[in-house]
Each structure stands twice: as structure tokens, then as C-alpha cells.
Protein chains: 2
Amino acid sequence: MVDIRNTRQRRAVSAVLDELEGFASAQQIHGVLGQRGEKVGLSTVYRNLQALVDAEQVDALRGNDGEVLYRRCEAGEHHHHLVCRSCGRAVEVAGPAVESWATKVATENGFTDVEHTLEIFGTCADCSAST
Amino acid sequence: MVDIRNTRQRRAVSAVLDELEGFASAQQIHGVLGQRGEKVGLSTVYRNLQALVDAEQVDALRGNDGEVLYRRCEAGEHHHHLVCRSCGRAVEVAGPAVESWATKVATENGFTDVEHTLEIFGTCADCSAST
DNA sequence: AAGAACCATGAGAACGATTGTCAAGACGAG
DNA sequence: CTCGTCTTGACAATCGTTCTCATGGTTCTT
Ligand SMILES: [Zn+2]
Ligand SMILES: [Zn+2]
Ligand SMILES: [Zn+2]
Ligand SMILES: [Zn+2]
């Protein structure tokens, strides 16, 4: 009963995610792999990232230009991010008050199956220093 | 000193936005125009929608599948939306507490030029009734 | 009303991110 | 090692959106 296999490519993608501090796109990750001499197909990068997202080991969010960014996820809990627009570095933040507010607003208006997205973007201290 | 002109196409796009209750994609709006016999090029729809967004007369947000949705904007104030995943209908919501929380979290972490995105998705009463 | 100036339009090409296809390759249980 | 099955990768295809540029429509000025 084989299910999920341990391949070189899967390990490589996971390794890159471990080393990156912030969010990065699939193509950026593919680029990093290339620079290291790790040959991994772009489709494979996409597939493995998606698998990691499904396994809730990686967070994904959509940047302003619409491309999806990935980052290793610390907590398995529901949380949001404070992301640097410039370097991608991110801080995981939790806002219990926001959670309950969102739910309240939704139910008050008769909505069910409620979900929400919340991201905070800014320029981190390091990036604003190196102007 | 000519600047912004009053064309048939611009009026048509604006009219559709007035009649739609919820968020709709550029292509959906283009489709509606087609059904009414209003010939408007897809590029033109995109251009006019973007112009309306820049003029802050229309709200834009990105749906889960990544496509941009547009909707006539009531207030000029900063606000967020409670959107029906199924029909696009939306309620404008304001959350002063969320605003200040987001700013606080960001400054505490040394981030500047702070912005945020927040959308609540769910199924509206009408849509969950017609299952 | 007529002309000039120039913004707007549309058809299609171009784009960039992501997904699908499918034959060939790699993995791991037995 | 062998076999069944999961994965991979090169490339085509899709999808939303933007770009190009020749043509058409508006508005301002006489
Ligand atoms: Zn930064
Ligand atoms: Zn939340
Ligand atoms: Zn609905
Ligand atoms: Zn806000």
C-alpha cells in the first residue's frame, strides 16, 4: 500500500522552503533549485507545493500582482501574516478578536460556510533601512 | 483640455455595474453587454473597469480562483466585504477594531507603509435556500 | 458648422502564471 | 529483483489580463 513516495524532487523543494525566510513564488523556488544544480521540472515544483499546502505544512497567499506565494508554516493553527512587500519576509499573527468579529458579521447577515482572508502588507525594518 | 470622454461604451459598462447586485468579473460583465446587443470590446471593458477602480467608484477584489471581481462602491470610505461565494452578492462592512489592530501589529514589528486586505466569504441566505 | 487635436476603441497578438497530457522513470513492498 | 503504482518532465494548452496600433469618436476652438 504505497501512497506518498520519498523522491529527490520532493526533498529538494521541501529543503528550499526550509531555508527561505519569507514567502516565495513557485517560479522563484524553481529558480533557486536550478542555481543549486538540482534539476526539478517546473510542473513538479507546482505539484509538490500544492501537496504541501493540502497537507497544511505550507501557507499560500496571493500577492498583489496575483501570483501565489508559498512559505513553510509554523503552527497548524489558523493564523494570518504580516508580509514585507519587498523581501517577502513574514510574521505569523493571530487575531482572536478579528476571528470572532468576522463570524459575527457573517451570521448577522445570514451567511453560512464562512471563511475569510486577511493579510497585512508593509515594508520591514531591514528593507526600509536599505533605501 | 480634454481629459476623460463620455463614450457609449463607458456608459454601458457603468450601467451594468449599476444593475448588478454583487461582484462580477470583467468577462461576466462583457457577457452581459453582449446579451443586450451592446457591442463593447473585451479590452474596453477591462480598461473602463480599471479606470473606475482608479476613480474609487468601483471596488475590486480577487476571488479564490484568482480572477478579479468588480462591484459598484457605495461609500468612498475604506471598508471590506462579506461576499457570497455562489452569487457574488455582497455587503459592505466596516471594522474599526480590525483596522487599529492591523496597524498596531504592523508597527510593533517595525513595518511601515502598512496596507491590508480582508474579505469574508460565505453562502448567502438565498443561495443556501436554493440547494 | 468645420477642423484640429487627441482620447478611446477593437481585433488580435502577446503574456505570465498555472494546469493538463502522457510516455518514460523511480520507488518500495514483498 | 520484480511488479504495480506513484512521480516526473517536457511541452502543449488554458485562462485571465495587458499590449499594440490603426481607425473612429469626442470635445475644444474658431
Ligand atoms: Zn523586507
Ligand atoms: Zn482568521
Ligand atoms: Zn448568494
Ligand atoms: Zn481595513
Novice: Which of parallel (below 30°), tilted (30 to 60°) and perpendicular (above 60°) describes His78(B) and His116(B)?
Specialist: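 Because their plane-to-plane angle is over 60°, the rings of His78(B) and His116(B) count as perpendicular.
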Novice: For the pair Arg62(A) (side chain) and Asn64(B) (backbone), establish whether a donor and an acceptor sit closer than 3.5 Å, ignoring hydrogens and angles.
Specialist: yes
Novice: Within this structure, what is the CZ-to-C1' distance between Arg10(A) and dT7(D), rounded to whole angstrom?
Specialist: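 So the CZ-C1' distance, Arg10(A) to dT7(D), works out to 7 Å.
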Novice: In this structure, how many angstroms lie between the P atom of dT19(C) and the NE2 atom of His30(A), rounded?
Specialist: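 Between P of dT19(C) and NE2 of His30(A): 15 Å.
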Novice: Are any of Thr7(B)'s side-chain N or O atoms less than 4.0 Å away from OP1 or OP2 of dT9(C)?
Specialist: yes
Novice: Roughly how many Å is it from CD in Gln28(A) to P in dA17(C), rounded to a whole number?
Specialist: 10 Å
Novice: Looking at dC6(D), I'd like to know if its phosphate oxygens (OP1 or OP2) sit under 4.0 Å from a side-chain N or O belonging to Asn6(A).
Specialist: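 The answer is no; no side-chain N or O of Asn6(A) sits under 4.0 Å from OP1 or OP2.
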Novice: Quick check on the hydrophobic clustering: are Leu118(A) and Val91(B) connected, directly or via other members, by side-chain heavy-atom contacts under 4.5 Å?
Specialist: yes
Novice: Whether Tyr46(A) contacts dT19(C) is assessed here as follows: a side-chain N or O lying under 4.0 Å from the phosphate OP1 or OP2. Is that the case?
Specialist: no
Novice: Can you see if the side chain of Arg5(A) gets near the phosphate of dT5(D) - specifically, an N or O under 4.0 Å from OP1 or OP2?
Specialist: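 No, outside the criterion.
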Novice: Examine distances only and state if a side-chain atom of Arg85(B) and a backbone atom of Asp113(A) form a donor-acceptor pair shorter than 3.5 Å.
Specialist: yes
Novice: Starting from Val45(B), can I reach Val53(B) by hopping between I/L/V/M/F/W/Y residues whose side chains sit under 4.5 Å apart?
Specialist: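 Val53(B) and Val45(B): one cluster.
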Novice: Quick one, give me the B/S/- string for nucleotides 10-15 of chain C, reading 5' to 3', where B means a protein heavy atom under 4.0 Å from the base and S means that only happens at the primed atoms, P, OP1 or OP2.
Specialist: BBB---
Novice: Count I, L, V, M, F, W, Y as connected when their side-chain heavy atoms are under 4.5 Å apart, and connections chain through other members. Are Ile29(A) and Phe23(A) then in the same cluster?
Specialist: no
Novice: Between Arg62(B) and dG16(D), is there a side-chain N or O to OP1/OP2 distance below 4.0 Å?
Specialist: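 No, Arg62(B) has no side-chain N/O under 4.0 Å of OP1/OP2 on dG16(D).
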Novice: Closest nucleotide of DNA chain D for Asn48(A) versus for Gly66(B): which of these residues is on the 5' side?
Specialist: Asn48(A)
Novice: Among dA17(C), dG16(D), dT7(D), which is the nearest nucleotide to the side chain of Gln27(A)?
Specialist: dA17(C)
Novice: Over how many whole Å does the gap from Ile29(A) atom CD1 to dT18(C) atom P extend?
Specialist: 11 Å
Novice: Under 4.0 Å, heavy atoms only, any strand: does Asp65(B) hit a base, just the sugar-phosphate, or nothing?
Specialist: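 It contacts nothing in the nucleic acid.
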Novice: Which of these passes salt bridge (Lys or Arg N to Asp or Glu O under 4.0 Å) with Asp18(B): Arg71(B), Arg11(B), Arg72(B)?
Specialist: Arg72(B)
Novice: Could you check how far CD of Gln50(A) sits from C1' of dT7(D), rounded to whole Å?
Specialist: 16 Å
